[in-house]
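Data block below; observations after.
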Number of protein chains: 2
Amino acid sequence: MKKNSVKAVHSLVDTYPKVPLTVDCVIFGFEESKLKVLLIKSDLSIYQGKLSLLGDFVKNNEDLDDAAYRILRERTGMTNVFLDQVKVFGKPDRHPGGRVITIAYCSLLNIQHHSLNIHENELDWYDYDALEDMAFDHKQIVDECHSWLQKRIQEHPLGFNLLPDKFSLRELQNLYEAILGVSLDRRNFRKKFASMDLLIDTNEMEQDVSHRPGKLYQFNFTKYEKKKRKWIGIDF
Amino acid sequence: MKKNSVKAVHSLVDTYPKVPLTVDCVIFGFEESKLKVLLIKSDLSIYQGKLSLLGDFVKNNEDLDDAAYRILRERTGMTNVFLDQVKVFGKPDRHPGGRVITIAYCSLLNIQHHSLNIHENELDWYDYDALEDMAFDHKQIVDECHSWLQKRIQEHPLGFNLLPDKFSLRELQNLYEAILGVSLDRRNFRKKFASMDLLIDTNEMEQDVSHRPGKLYQFNFTKYEKKKRKWIGIDF
DNA sequence: CTGCAATTGCGTAGTTAGTACACAAAGTTA
DNA sequence: TAACTTTGTGTACTAACTACGCAATTGCAG
């Protein structure tokens with residue numbers, strides 16, 4: 001096979017099929033003990049009334065991660081957020097307008113930190129458990145991101161990104177139960193987090209609860225970052 | 001925002017930037033106690049002498065997974081193989097011929113089962129540990145797939161796909177040590193696999209070794225599939 | 001055919017992580 | 001002040017992982 005010059009490579013690349021590329025963001029939040037996803041109503045008439053992920057085309061010279069952060073920023077104003085590439089979806093018929101490849105990114109954010117511009121296509125938080133029949137293959141994408149999240153949250157204490165700054169152990173447990181879809185033993189759950197040693201006792205108590213109030217904690221992000229480096233060293 | 005008809009969606013999609021899309025296959029093998037990767041010499045003169053992954057453009061109406069299997073089949077003849085999507089790489093300047101997005105797929109295969117057509121661009125197995133300075137961003141892709149493999153092999157006993165049908169526990173341990181880059185306690189390693197109960201004792205012994213020969217085992221694939229279903233139930 | 005080198009095969013004790021489970025104290029509400 | 005809800009805590013059992021040493025088998029060199 002002959003070697004190709006840069007110019008020849010350019011023209012070679014030009015002859016290959018090209019496809020439009022999008023990024024879709026699956027943004028999980030947590031409120032009222034329920035796992036939520038940030039969605040809009042679809043633009044497309046054939047998907048009238050159906051829910052759709054926040055997505056957009058990737059620009060010509062835009063890095064993929066940058067595109068995901070841009071979309072998140074444009075829609076929510078949020079900038080300091082984890083955002084992870086989860087999977088590519090590329091079935092030839094997944095988009096009614098022709099072939100479009102999409103890259104799913106997943107993110108967790110604290111609902112309290114963000115006020116949404118609700119007027120844009122009914123952008124809002126929707127219960128994950130109640131989702132059905134979304135536009136495109138978006139239900140499948142959300143489900144794959146949910147599985148990814150279930151796995152992820154057992155390896156890293158990512159849940160804190162979904163909670164308010166100060167939270168009770170009850171809220172933390174509710175979050176884990178909502179994401180994992182199981183119920184957990186309260187004493188063992190508390191013991192486990194106590195042994196991780198990543199919570200700071202604020203010496204404050206819950207307010208406005210109609211029962212014995214619990215202590216409020218904060219997540220020790222700096223300690224977590226240190227531990228994470230160790231874990232990665234041991235190939236986590 | 002107005003709703004769009006299907007026709008309007010088509011023309012909308014048509015206005016968005018398009019990019020060529022490739023699949024690159026990172027195919028790991030194992031031989032002589034070393035982890036190997038299947039690579040070719042790059043076609044491109046600017047990458048003269050450098051190693052490159054097996055890759056190709058995705059066809060117009062080809063599913064992404066199908067493209068990966070096609071490439072693997074075309075290059076190695078192999079069909080019954082695990083093949084997993086690992087990650088998308090899309091930096092705007094990663095390809096000298098212009099923007100090209102690539103999807104990395106990872107696969108493990110048994111070197112003994114395949115004879116290679118060595119003449120095509122020096123297609124061959126190369127030591128993973130000795131790799132450096134590959135074409136494009138392929139070194140980064142291989143490294144990400146290697147991390148993926150390290151993680152994966154601790155969750156599922158995938159290693160068997162890299163070994164001959166019959167293997168000694170020593171070979172199995174060498175494989176794990178090569179992939180994980182650590183040394184393991186021989187007794188604990190054996191105990192662990194014994195407790196998994198996935199090995200079949202063939203009652204044969206190693207031949208041609210210059211020391212006490214070990215027993216040869218086979219992997220119990222059907223039992224593994226059953227177990228896997230259970231694990232998945234418990235959300236593994 | 002003997003001794004050396006390499007490697008197999010095996011078991012126990014200690015530690016750590018996870019699970020199951022019950023009761024008293026704090027606050028709210030009627 | 002009684003009933004209700006929820007917090008906060010400890011122990012015993014089990015499962016998984018770690019560290020570690022010795023006798024037996026084979027090939028090979030002298």
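Here is how names work: the chains are called A, B, and so on, in the same order as the sequence lines, proteins then strands, and each is numbered from 1.
For the pair B:Lys192 NZ and D:dT18 C1', the computed distance is 12 Å after rounding to whole Å. Look at CG on B:Asn203: it is 12 Å from P on C:dG9, rounded to the nearest Å. The nearest whole Å value for the distance from the CZ atom in A:Phe189 to the P atom in C:dA17 is 17 Å. Rounded to whole Å, the distance from CZ on A:Phe167 to P on D:dT7 is 14 Å. C:dT8 atom C1' lies 15 Å from atom CG of B:Leu172, rounded to whole Å. We find that CG of B:Asn188 is positioned 9 Å from C1' of D:dC20, with the value rounded to whole Å. Nucleotide D:dA19 holds its P atom 16 Å from the CZ atom of B:Arg186, rounded to whole Å. As a whole-Å value, the separation of B:Leu216 CG from D:dT26 P is 14 Å.
Taking the ring centre of B:Phe89 as origin, the terminal cationic atom of B:Lys87 falls inside the region bounded by 6.0 Å and 45° from the ring axis.
Residues passing the side-chain hydrogen bond (donor to acceptor under 3.5 Å, both in side chains) test with A:Asn161, sequence neighbours excluded: none.
Note on A:Lys215 versus A:Glu204: no salt bridge recorded, every NZ/NE/NH1/NH2 to OD/OE distance being 4.0 Å or above. Salt bridge annotation for B:Lys227-B:Asp197: absent, with no cationic side-chain nitrogen under 4.0 angstrom from a carboxylate oxygen.
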Side-chain donor-acceptor pairs of residues 130-138 of chain B under 3.5 Å, sequence neighbours excluded:
from, atom 1, to, atom 2, distance (Å)
B:Asp133, OD2, B:Lys50, NZ, 3.4
B:Asp137, OD1, B:Arg94, NE, 3.2
B:Asp137, OD1, B:Arg94, NH2, 3.0
B:Asp137, OD2, B:Arg94, NE, 2.8
B:His138, ND1, B:Leu53, N, 2.9

request  = Would you give a per-nucleotide map of nucleotides 24-30 of chain C, 5' to 3', where B means the base has a protein non-hydrogen atom under 4.0 Å away, S means only the sugar-phosphate does, and - means neither?
outcome  = -BBSS--

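Mapped onto DNA chain C by nearest heavy atom, B:Arg170 and B:Asp185 fall at different nucleotides, with B:Arg170 at the one closer to the 5' end. Residue order along DNA chain C, read from the 5' end via each residue's closest nucleotide, puts B:Gly214 first among B:Gly214 and A:Arg187.
The shortest distance between the side-chain N/O atoms of B:Lys191 and the OP1/OP2 oxygens of D:dC17 is not below 4.0 Å.
For A:Arg190 against D:dG8, a side-chain-to-base donor-acceptor contact under 3.5 Å is absent.
No more than 12 heavy-atom neighbours from other residues, nucleotides or ligands sit within 6.0 angstrom of NZ on B:Lys91.
Between A:Tyr224 and A:Phe219, the two ring planes are tilted [angle within 30° to 60°].
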